[in-house]
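Letters A, B, ... mirror the listed sequences (proteins, then strands); counts begin at 1. These numbers come from the heavy atoms of this one structure, side chains and all, not from hydrogens, waters or symmetry mates.
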There are 2 protein chains.
Amino acid sequence: MKDVASAAGVALKTVSRVVNGEPGVHPETAERVRAAIDLLGYSRNESARVLRSGRTATIGLVIEDVADPFYAGLSRAVEDVVIEHGCLLLSGSSGEEPGRERELVETFCARRVDGLIVVPAGDDHSYLRPELEAGTAVVFADRPPEPGIDVDTVLADNAGGARRAVRHLLEHGHRRIAFLGDDPAIFTAAERLRGYREELGELFDPRLVSMRSPSAVGVRAELDRLFGLDDPPTALFTGNGRYTVTTLRALERRRVALVGFDDFELADLLDPGVSVVAQDPARMGQVAAELLFHRLTGDAGPSQHVELPVQLIIRGSGELPAGSI
Amino acid sequence: MKDVASAAGVALKTVSRVVNGEPGVHPETAERVRAAIDLLGYSRNESARVLRSGRTATIGLVIEDVADPFYAGLSRAVEDVVIEHGCLLLSGSSGEEPGRERELVETFCARRVDGLIVVPAGDDHSYLRPELEAGTAVVFADRPPEPGIDVDTVLADNAGGARRAVRHLLEHGHRRIAFLGDDPAIFTAAERLRGYREELGELFDPRLVSMRSPSAVGVRAELDRLFGLDDPPTALFTGNGRYTVTTLRALERRRVALVGFDDFELADLLDPGVSVVAQDPARMGQVAAELLFHRLTGDAGPSQHVELPVQLIIRGSGELPAGSI
DNA sequence: GGAGGGGCGGACAACGTTGTCAAGCAGGTG
DNA sequence: CACCTGCTTGACAACGTTGTCCGCCCCTCC
């Protein structure tokens with residue numbers, strides 16, 4: 001900028017004014033400055049600007065894994081809102097490790113991001129307190145923060161979706177419905193289990209529940225166990241997208257009534273099409289980002305908690321009658 | 001940092017030394033400084049550090065769309081390498097718009113990223129010249145830069161993959177093989193068309209080629225046109241993952257011999273399983289990031305051009321005989 | 001006891017930008 | 001002609017960090 005100023009024969013500040021489109025610069029002078037800028041290929045140093053102004057125009061996003069379609073969709077939606085507000089997005093995958101989550105958040109904060117969107121991997125968010133007090137805006141998405149932390153949150157209607165899935169299977173005559181889901185330490189998994197249990201009421205049987213991380217081998221073994229029971233399940237409810245796919249693969253084209261949580265590409269092309277309770281990851285990302293920018297533009301009201309609806313999509317697998325194995 | 005210094009009763013510089021682990025500080029003093037840091041919840045302002053040192057420890061990634069599984073996989077791999085080097089990742093989706101690509105690159109450069117990985121959307125990369133001269137390291141992935149720009153590049157063996165796919169179909173008795181692909185203005189689409197054409201040799205028939213953006217309606221119409229020909233195709237070769245899925249959907253479970261470029265989740269669960277020529281997006285991201293860090297650690301040799309192999313995966317659809325429609 | 005040296009701590013400038021404040025200048029008005 | 005006003009421009013400090021350089025203190029050795 002100094003070079004531009006001397007090339008244009010003006011003061012530093014005048015160049016700054018031109019670069020920032022501030023008023024009060026003679027059009028002719030501004031033109032001369034712009035010419036010098038082009039000539040020298042100058043581009044403003046954002047680090048210095050940040051240092052001076054305090055605003056980084058950067059948002060941090062911590063998710064579990066960008067390579068997971070759910071989070072990829074969420075990311076893209078967040079990115080669109082962020083760009084629209086003239087900001088950039090720093091993103092990182094926690095890989096479901098609380099330590100990594102914390103590291104990412106702290107690194108983002110050291111870079112003075114204006115706001116954070118976090119899909120938490122762990123339960124302990126006390127490390128966020130100093131940041132919150134320092135005025136960093138934070139929004140949690142998909143999973144809530146630990147109880148003591150009071151920030152804007154966007155969740156899906158996990159329990160309601162599970163109830164809807166189970167009700168659908170009950171309506172098709174099933175009484176023995178198994179649940180295959182993630183470790184209940186994960187909030188969404190626990191919520192879906194709750195919905196499943198509530199909807200089943202007296203039909204609930206703990207032997208029909210299998211919750212662990214979705215390895216192909218593990219799921220296969222669990223299916224063997226379930227179908228080996230005296231009173232085996234006639235229908236399956238799978239607790240997330242990856243679980244649904246792993247289960248379908250383990251079933252090896254056996255036709256079993258099944259409803260999955262989360263939609264996934266090609267669910268409609270399988271035979272039968274896979275009925276699912278669909279979330280809208282893009283909407284979740286969009287809402288989270290909008291809540292964040294609402295805070296950034298000065299809203300200091302009480303924290304908001306948004307619950308997004310889910311939708312049952314009927315494609316065939318959920319409508320198979322009992323006894324079709 | 002100033003507050004920490006006065007709280008610990010030392011000079012600014014001493015705090016700086018402790019924070020950076022520089023030698024020459026009495027252990028006891030360092031301990032006092034660390035206590036003050038914890039007490040005040042201090043975290044170093046990276047912007048100021050960048051301003052002073054010039055290194056941002058940030059890499060920019062421009063892709064087409066994070067929500068596309070191919071780029072999501074690539075992103076994740078880039079992210080892993082970047083984190084391993086103690087850096088962060090700024091990413092943005094160009095949405096296949098050259099203007100957006102340019103904007104993203106320029107914004108990243110204004111933030112003084114140490115390096116850039118670009119999946120270009122456009123053909124004109126002259127805007128990169130000043131950045132390259134300014135010493136920003138750049139790697140192109142998936143598609144090459146315009147001819148005049150000489151930078152490290154990672155491409156898949158697009159033409160070879162297409163040849164392999166076509167050869168596979170020829171080996172199964174097909175002589176009328178249609179190609180459905182993206183606009184040949186896109187490098188990868190053009191290369192795949194070239195491979196298709198070369199492998200077919202005299203069997204090549206321009207009426208069997210359909211290249212446009214993959215809308216559901218468009219693909220349906222093209223299939224109608226192709227199958228309405230006097231001498232209709234007996235097999236399809238689809239030019240990328242999205243095209244393959246759109247085509248499968250348009251086929252409405254008609255059984256047609258098909259090989260797709262790009263692997264996709266659930267390809268194995270469809271009936272028949274979809275044979276594909278698979279790229280490895282994670283490997284591409286990893287190689288691109290490693291090339292970049294190689295440059296950043298001082299390699300000034302001639303630009304490198306890596307071609308990644310592709311792999312034919314046989315699952316059933318590519319092995320259907322002619323006349324099975 | 002004094003000189004020399006090593007270990008440690010501190011003062012200061014600089015990175016590139018922007019906010020504050022004031023100066024210069026032309027034109028209009030009393 | 002003096003004064004005021006409004007427009008344009010510029011000088012300077014400050015943001016928080018790090019690199020350079022200097023000085024102090026204590027120890028050791030002569």
Side-chain angles (χ1 to χ4, degrees), chain A residues 1-37 40-58 86 107-114 130-131 134-136, chain B residues 1-37 40-58 86 106-107 109-114 130-131 134-136:
Chain A
M1 187 177 269
K2 202 166 56 178
D3 296 341
V4 173
S6 57
V10 298
L12 259 173
K13 182 62 202 181
T14 303
V15 179
S16 172
R17 272 195 265 261
V18 172
V19 170
N20 292 299
E22 286 173 33
V25 178
H26 194 86
E28 201 176 297
T29 314
E31 200 38 62
R32 217 166 63 235
V33 170
R34 267 189 288 273
I37 287 176
L40 298 175
Y42 163 82
S43 103
R44 179 172 59 192
N45 183 321
E46 290 293 323
S47 307
R49 175 185 160 79
V50 164
L51 178 59
R52 190 68 177 89
S53 67
R55 259 190 54 101
T56 55
T58 306
T107 316
F108 288 164
C109 287
R111 305 233 177 171
R112 299 291 186 274
V113 292
D114 294 335
E131 312 301 346
T136 309
Chain B
M1 187 177 269
K2 202 166 55 181
D3 297 340
V4 173
S6 57
V10 298
L12 258 172
K13 181 62 200 178
T14 304
V15 180
S16 171
R17 273 193 266 260
V18 172
V19 170
N20 293 299
E22 288 173 32
V25 179
H26 193 88
E28 201 177 297
T29 314
E31 199 38 62
R32 217 167 61 237
V33 170
R34 267 189 289 273
I37 287 176
L40 298 176
Y42 161 83
S43 103
R44 180 172 58 191
N45 183 321
E46 290 294 323
S47 307
R49 177 185 159 78
V50 164
L51 178 60
R52 191 70 177 91
S53 68
R55 259 189 54 99
T56 55
T58 307
E106 288 181 342
T107 315
C109 287
R111 305 234 176 169
R112 299 292 186 273
V113 292
D114 293 335
E131 311 302 345
T136 310

B/Ser53: partners by side-chain contact (heavy atoms from CB on, under 4.5 Å), with sequence neighbours left out: B/Arg49, B/Arg55
Can you list the residues that meet the side chain to side chain donor-acceptor pair (under 3.5 Å) rule with B/Thr136, with sequence neighbours excluded? none
Between D/dG10 and A/Thr14, is there an OP1 or OP2 to side-chain N/O distance shorter than 4.0 Å? yes
Counting the atoms with a prime plus P, OP1 and OP2 as sugar-phosphate, which does B/Val50 contact under 4.0 Å by heavy atoms, base, sugar-phosphate, or nothing? nothing
List in chain and number order the residues that pass side chain to side chain donor-acceptor pair (under 3.5 Å) with A/Thr56, two or more places apart in sequence or in another chain; answer none if no residue qualifies. A/Asp114
Could you tell me the separation between the CD atom of A/Glu31 and the P atom of D/dT8, rounded to a whole number of Å? 15 Å
Taking all non-hydrogen atoms of both residues into account, name the closest pair between B/Ala57 and B/Gly86 and its distance. CB-O, 4.1 Å
How would you label the contact of B/Ser47 with the nucleic acid (heavy atoms, under 4.0 Å): base, sugar-phosphate, or nothing? nothing
Which residue pairs pass the salt bridge (Lys or Arg N to Asp or Glu O under 4.0 Å) test when at least one of the two sits in residues 27-37 of chain A, sequence neighbours left out? A/Glu31-A/Arg34
Could you give all pairs that pass the salt bridge (Lys or Arg N to Asp or Glu O under 4.0 Å) test and reach residues 2-16 of chain B, with sequence neighbours left out? none
Let me have a per-nucleotide readout for nucleotides 15-20 of chain D, 5' to 3', with B, S or -, counting only protein heavy atoms under 4.0 Å. BBBBB-
Taken in chain and number order and not counting sequence neighbours, the residues that satisfy side chain to side chain donor-acceptor pair (under 3.5 Å) with A/Ser43 are B/Arg112
By side chain to side chain donor-acceptor pair (under 3.5 Å), A/Glu22 pairs with (sequence neighbours left out) none
Computed from five pairs at either end and rounded to 10 degrees, the angle between the axes of the helix from C/dG1-D/dC30 to C/dG30-D/dC1 is 60°
Whether B/Thr29 contacts C/dG9 is assessed here as follows: a side-chain N or O lying under 4.0 Å from the phosphate OP1 or OP2. Is that the case? yes
